[in-house]
Number of protein chains: 2
Amino acid sequence: MPGQRTTATDVAKAAGVSRATVSFVLNATPGQSISDAVRARVLAEASRLGYMPHPQARALASGQSNIVLMVLPEWPIEYVTRQLLDEATVELDEAGYSLVTMDPRRSRRATPLWESLRPDVVMSIDPLAPKVLESIERSGAVVIKHGPEMLPMYRVGPDLQVGHLLNLGHTSIAYAHTPIAAMRDLDQERMSRIRRGAEAAGAAFRSAEVSATNAQEVVRTWSRAGVTAVAAFNDDTAAWTIGGALRSGLRVPDDLAVLGHDDSPIAAMFVPAISTIHLDLAGLGRALAQQALAVARGGAQPDIGDPFSHARLIRRESA
Amino acid sequence: MPGQRTTATDVAKAAGVSRATVSFVLNATPGQSISDAVRARVLAEASRLGYMPHPQARALASGQSNIVLMVLPEWPIEYVTRQLLDEATVELDEAGYSLVTMDPRRSRRATPLWESLRPDVVMSIDPLAPKVLESIERSGAVVIKHGPEMLPMYRVGPDLQVGHLLNLGHTSIAYAHTPIAAMRDLDQERMSRIRRGAEAAGAAFRSAEVSATNAQEVVRTWSRAGVTAVAAFNDDTAAWTIGGALRSGLRVPDDLAVLGHDDSPIAAMFVPAISTIHLDLAGLGRALAQQALAVARGGAQPDIGDPFSHARLIRRESA
DNA sequence: CTGAAAGCGCTTACAG
DNA sequence: CTGAAAGCGCTTACAG
C-alpha cells in the first residue's frame, strides 16, 4: 500500500514545486521571497492532502524538537498547576512549541523524559536537584534555572497570611508545618516569613508539624500556650489543624483562627470554609512560557518579573 | 566545536566495529549472533562515552516513536490518576516505551500532542469523543478503545456504596449528582446502579444535583422527604452534601449518612471523615500498560481483565 | 558472525 | 524567485 502517509514530497508534487519550497512556505521561513500564487498553491495542496509534517524528521534535520518539558513539583497540586499549565501550553503553542509535563517521582523509576523526548528546554516550578540538573544538561536540553526572581512565590503568600492574622488582633500566632518531606524547603521559607512578620509586630510565635494523626494533640498544646491563630503551610495542613481543633471542642475561628494557603478545592468545601491565599498562577504560566521561548531561541533567560502581584487573601470562615 | 554530542558513530569507532553492530548490541536485536567480546566492548564504550541514542533519529528510521500518550480524563483527579500513572509508567519503561500524559482541555486550544509527538499508541481512562478518535487515527497512532471490559470501573463502586447503606439498615436513599458537566456519563451510570440497588432492596430512591451553592437546600428537601442516607458521585459531592447537612443542623451520620467515592485526600481530612470507595488504580495502570504494549507491537488489543477486583469500602465516620 | 549502504522525512546552505 | 543536494542519526534488509 503506497502513499500511506502524506509527506512533503506529495505536497510538492501536487503543487508543482520542490520539497524545499514546501518547507519554506509551511514554516514561513524568513528571507525567502515566494510568490503569493505559489504560496497559496502549496497551502491549498497541503490542507487538501491533510499533510502533517513529521515532527521527528523535522527535529532530526533542524536540531530542535520544539518540545518544552515542564517538571512538575514533587507535591500533589493539580489545582495549583492546572491554570499555570493551561496558560503556558497555549502561549507555547502559538510559538510552535509543545508543552509536555512530567512527574519527577515517576521518572526516578523510569527513563527520564528529557532523554526519551529530547526537549529543547526543561523548566520547573520548584528548584531542581543538582543531580537532576546535571542529567538534563547532559541530554542537551537547556534548563531554566530559578533565581531570586522566583522568590515572590515564597514570600507573598506568607506575608499576606501573617498580615491578616495581625490585623484581626491576634498576638500569639503559630505556624503549621507540613509533614510532607518533599515540601521541606518551601515550608521552611514560609515559616520563617511568618515568624518574621509575627515577631516584627511583637506577637508570640511558635510552630509545629501538623499531620492527620497528631493534629488534635498539637492544637491542644497550642491552645494551652495561648495561641489564638494559625497560619498553615497550605490548605491541607489547615484542614488537619481545624480538624484537631473541632475534635478538641474548640470553635473555629472563635477559639482558634486558621488560615490556609493555595486556595485549593478543599478550602471552599471544608466546614468551616477555609480562609486562604490565592496566587495568580495563570500569570506565572505565561511568564514561564516566555522564559522558555526566549531560551529556546538561543537568547538569555529573561527575568520573570513579578508574577504574584495579583496574589490575594480569600476570606471565608476559618480566619 | 566538533564531537559535540556523542553519536553511534563515535561508539562504533571507539569499539572498532560498524554502526550497525552498535545498533544491534544496544537494541539487543534478535537474530543477530554477536560475540560476547564484541558485545561487551560496545557496551563499555557506549557507557564510557555517555552515549544516548537520539530518539528522533530512531523514530524516523524505525517508524516507531516508542511513545505512549495517555489522555487524562476531563475532570480533575490527580489523586485518582497518580497511582495509575506510576504503575503504567514503570511497566512501559521496562519495555522501552515512554508514557506522556495530556490534558484534553488544554489540547483543545493547542496542537494536540498526538500530532506534535507522534506516539505509537494513544490511550485514555475515559472514553474519547468520536472527533478526537478520528483526529488521533489520522495522525497514524493506534487508539486503545474502551469496550465493555471497562464497565467494572463504573459498576463496582456504586454497588459497594448501595450495599453498605442497605446493610446499615437505610430504607430511603438519595444519590448526589455532580454538577460538573464533563462527568455526566459516569455520573449517570453510577446513579442508575445506585437506583437499581436501592429499588431491588425495596428502598425508596431519589436523586438531585448537589453543588457548593445548593447543598443546604437539597439536603433539607431530602431530610423532609425522609431520606437518611446519601450515596455521592464522589468525595467532593459528598463533602458538599455533608456541608449542607451540618449547616442545616443535621448530624452526620446520625441524621444523615453520606458515602463518597474515590478515596480522595479530602475524604480523610474532612470532619467528619468521609467513608468512601477505594479503587485499585495501580492495577488498572498495569492493565492499561499491557494493552498499550500489545497494540504497539502490532498485536490485537487484549482484554483488560477485571482491574477492580480489589475495590473496597473505606469505612470512616460519615456512613 | 559483521559491515557497507539505503532510507526514514525533514531543513537549509548553496547555486542558479 | 526556486530547486538540487547534502545531511541530521538512526535502523535494517542485504551481502559477504
> Starting at NZ of B/Lys13 and ending at P of C/dG3, how long is that distance when rounded to a whole Å?
Replying inline: 14 Å
> Which heavy atom of A/Ile67 sits nearest a heavy atom of A/Tyr97, and at what distance?
Replying inline: N-CD2, 4.2 Å
> With a 4.0 Å cut-off, would you call A/Asp103 and B/Arg82 a salt bridge?
Replying inline: yes
>> Can you give me the closest heavy-atom contact between B/Trp114 and B/Leu69, atom names plus distance?
In response: N-CD2, 3.8 Å
> For B/Leu60 and C/dC8, what is the distance between atoms CG and C1' respectively, to the nearest whole Å?
Replying inline: 4 Å
>> I'd like to know if B/Lys131 pairs up with B/Glu134 as an ion pair, taking the criterion as any Lys NZ or Arg NE/NH1/NH2 lying under 4.0 Å from an Asp or Glu carboxylate oxygen.
In response: no
> Nearest-Å distance, CG (B/Asp36) to P (C/dT2)?
Replying inline: 10 Å
> For nucleotides 11-16 of chain C, read 5' to 3', which letter fits each nucleotide if B means a protein heavy atom sits under 4.0 Å from the base, S means only the sugar-phosphate is that close, and - means neither?
Replying inline: BBB---
>> Whole angstroms only, please: what is the CG-P distance between B/Asn66 and C/dC8?
In response: 19 Å
> To the nearest 0.5 Å, what is the distance between CZ (B/Arg41) and OG1 (B/Thr21)?
Replying inline: 10.0 Å
> How long is the gap from OG on B/Ser107 to CE on B/Met102, to the nearest 0.5 Å?
Replying inline: 3.0 Å
>> If a pair means Watson-Crick or G-U wobble with both distances below 3.5 Å, what does DNA chain C look like in dot-bracket form, with | marking bases paired to a different strand?
In response: |||.||||||||.|||
>> Less than 4.0 angstrom from a charged side-chain N to a carboxylate O is my criterion; do A/Glu91 and A/Arg286 meet it?
In response: no
> Is any NZ, NE, NH1 or NH2 atom of the basic residue among A/Glu115 and B/Arg58 found under 4.0 Å from an Asp or Glu carboxylate oxygen of the other?
Replying inline: no
